[in-house]
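Working notes, beginning with the structure itself.
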Number of protein chains: 2
Amino acid sequence: MRRDIFQAIADPTRRAILVLVAVQAMTPNAIAEHFDIKRQSISKHLRILSECDLLVPRQEGREIFYELKIDKMKEIDTWLDQFRKIMEESFKRLDDVLYTIKNKKP
Amino acid sequence: MRRDIFQAIADPTRRAILVLVAVQAMTPNAIAEHFDIKRQSISKHLRILSECDLLVPRQEGREIFYELKIDKMKEIDTWLDQFRKIMEESFKRLDDVLYTIKNKKP
DNA sequence: AAATTGTGAAGCCGTTCGGCTTCACATATA
DNA sequence: TATATGTGAAGCCGAACGGCTTCACAATTT
């Protein structure tokens with residue numbers, strides 16, 4: 001089964017859960033109250049998010065609080081870095097071109 | 001049909017296509033040569049990426065070059081911003097707590 | 001005009017996904 | 001002990017996905 005962060009955040013419900021939990025760790029029931037979805041379905045999402053290490057469960061008596069692992073979110077940022085670098089290179093090449101044109105002009 | 005950037009980048013092949021095209025605009029055939037996948041399947045991915053405005057086709061004679069629209073990638077970055085802000089707030093609150101503890105110590 | 005090449009669209013098939021319902025188990029409360 | 005509550009797991013179903021094959025069309029080349 002495909003299980004990576006990108007597949008995990010592909011679902012809008014899961015993205016909403018992440019935002020919710022980012023503010024404050026919550027139990028499955030508390031999370032479900034914010035959606036028009038049954039608790040069991042939320043649990044499925046929580047399992048996927050946990051398997052991807054985006055969430056980590058913390059037992060407290062008979063309740064389980066799900067907490068965001070912000071470090072894992074950085075992996076997305078790291079992936080975006082590729083494009084920042086590539087674009088940076090492009091602009092640099094463009095600058096070179098412009099520089100060459102400018103210096104050829106006189 | 002679900003069609004947003006997050007669903008688009010959920011597929012590893014599509015992520016690879018984006019990286020490839022980021023460096024240099026390419027035709028479907030040229031892209032397909034980098035994968036062990038039929039050209040037609042690549043075309044499907046290109047259609048999805050185009051529908052999400054991550055790529056834009058540029059006709060040149062009978063060839064079509066697909067180009068990255070870097071601006072669209074920024075939407076992912078914008079989404080990540082939520083978490084940066086939330087985390088910032090958390091640290092600020094933590095700082096407040098530490099500051100209070102420190103000042104109560106006299 | 002005829003043949004070749006680049007591309008997209010349609011349809012098929014097996015797999016995955018997202019929701020639901022039902023059941024099982026562990027913890028807390030009476 | 002008996003009951004209520006919080007949670008996860010399994011199974012079902014319809015929809016979507018990712019790959020494939022085949023076909024159709026437009027632009028180029030001969």
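A, B, ... follow the sequence lines: proteins, then strands. Residue 1 opens every chain. Because only heavy atoms are used, hydrogens play no part in the values below, and waters and symmetry mates are left out as well, while side chains stay in. Since the structure is predicted, the reported quantities are computational estimates derived from the model, not experimental observations.
Put simply, NE2 on A:H45 is 6 Å from P on C:dG18, counting in whole angstrom units. Rounded to whole Å, atom P of D:dG8 lies 13 Å from atom CZ of A:F65. Nucleotide D:dG18 holds its P atom 11 Å from the CD1 atom of B:I17, rounded to whole Å. For B:K38 and D:dC23, the NZ to C1' distance is 17 Å, given to the nearest whole Å. At whole-Å resolution of the value, CZ in B:F35 and P in D:dG18 are 14 Å apart. Atom CE in B:M26 sits roughly 11 Å away from atom P in C:dT7 (whole-Å rounding). Between A:L46 atom CG and D:dA9 atom C1' the separation is 14 Å, expressed in whole Å. The nearest whole Å value for the distance from the CD atom in B:E60 to the C1' atom in D:dT28 is 15 Å.
Within the structure, every side-chain polar atom (N or O) of A:S43 is placed at least 4.0 Å from both OP1 and OP2 of D:dT7. The side chain of B:N29 places no N or O atom within less than 4.0 Å of a non-bridging phosphate oxygen (OP1 or OP2) of C:dT5. Side-chain N/O atoms of B:S41 include one lying less than 4.0 angstrom from OP1 or OP2 on D:dC20. For the pair B:Q59 and D:dA26, the criterion of a side-chain N or O lying under 4.0 Å from OP1 or OP2 is not met. Residue A:Q7 places none of its side-chain N or O atoms closer than 4.0 Å to OP1 or OP2 of C:dT16. Between D:dA16 and B:R3, no contact under 4.0 Å exists linking OP1 or OP2 to a side-chain N or O. Distances shorter than 4.0 Å separate none of the side-chain N or O atoms of B:R39 from OP1 or OP2 on D:dC20.
Among the atoms of the strands shown, only primed sugar atoms or phosphate atoms (P, OP1, OP2) are found under 4.0 Å from some heavy atom of B:R47. Within the 4.0 angstrom heavy-atom criterion, only backbone atoms of the sugar-phosphate kind lie near B:Y66; the bases stay farther away.
Salt bridge present: B:E75 and B:K72 bring a charged side-chain N and a carboxylate O closer than 4.0 Å. Comment: B:R84 engages B:D77 in a salt bridge, judged by a side-chain N to carboxylate O separation of less than 4.0 angstrom.
Checking B:E63 against A:R62, the closest nucleotide of DNA chain C that is more toward the 5' end is the one next to B:E63.
Residue A:K44 has its side chain nearest to C:dG18 when only C:dG18, D:dC20, C:dG8 are considered. Of the candidate nucleotides D:dG19, D:dG11, D:dA9, D:dA9 has the atom nearest to the side chain of A:Q40.
Without hydrogens or angle criteria, A:S41 side chain to A:I37 main chain gives no donor-acceptor distance under 3.5 Å. Put simply, the side chain of A:R14 gets close to the backbone of A:A8: a donor and an acceptor are under 3.5 Å apart. Within the 3.5 Å criterion, the main-chain N or O of B:A32 finds no donor-acceptor partner in the side chain of B:R39.
A cation-pi arrangement is absent between A:R58 and A:Y66, since the terminal nitrogen or guanidinium carbon is not both under 6.0 Å from the aromatic centre and inside a 45° cone about the axis.
Inter-axis angle, ends of the helix from C:dA1-D:dT30 to C:dA30-D:dT1, five pairs per end, rounded to 10 degrees: 20°.
Tested against B:L49 for a side-chain contact (heavy atoms from CB on, under 4.5 Å), the candidates B:L18, B:I5, B:D11 yield a single pass: B:L18.
Partners of B:R47 according to the side-chain hydrogen bond (donor to acceptor under 3.5 Å, both in side chains) rule, which considers only residues two or more places apart in sequence or in another chain, are B:E51.
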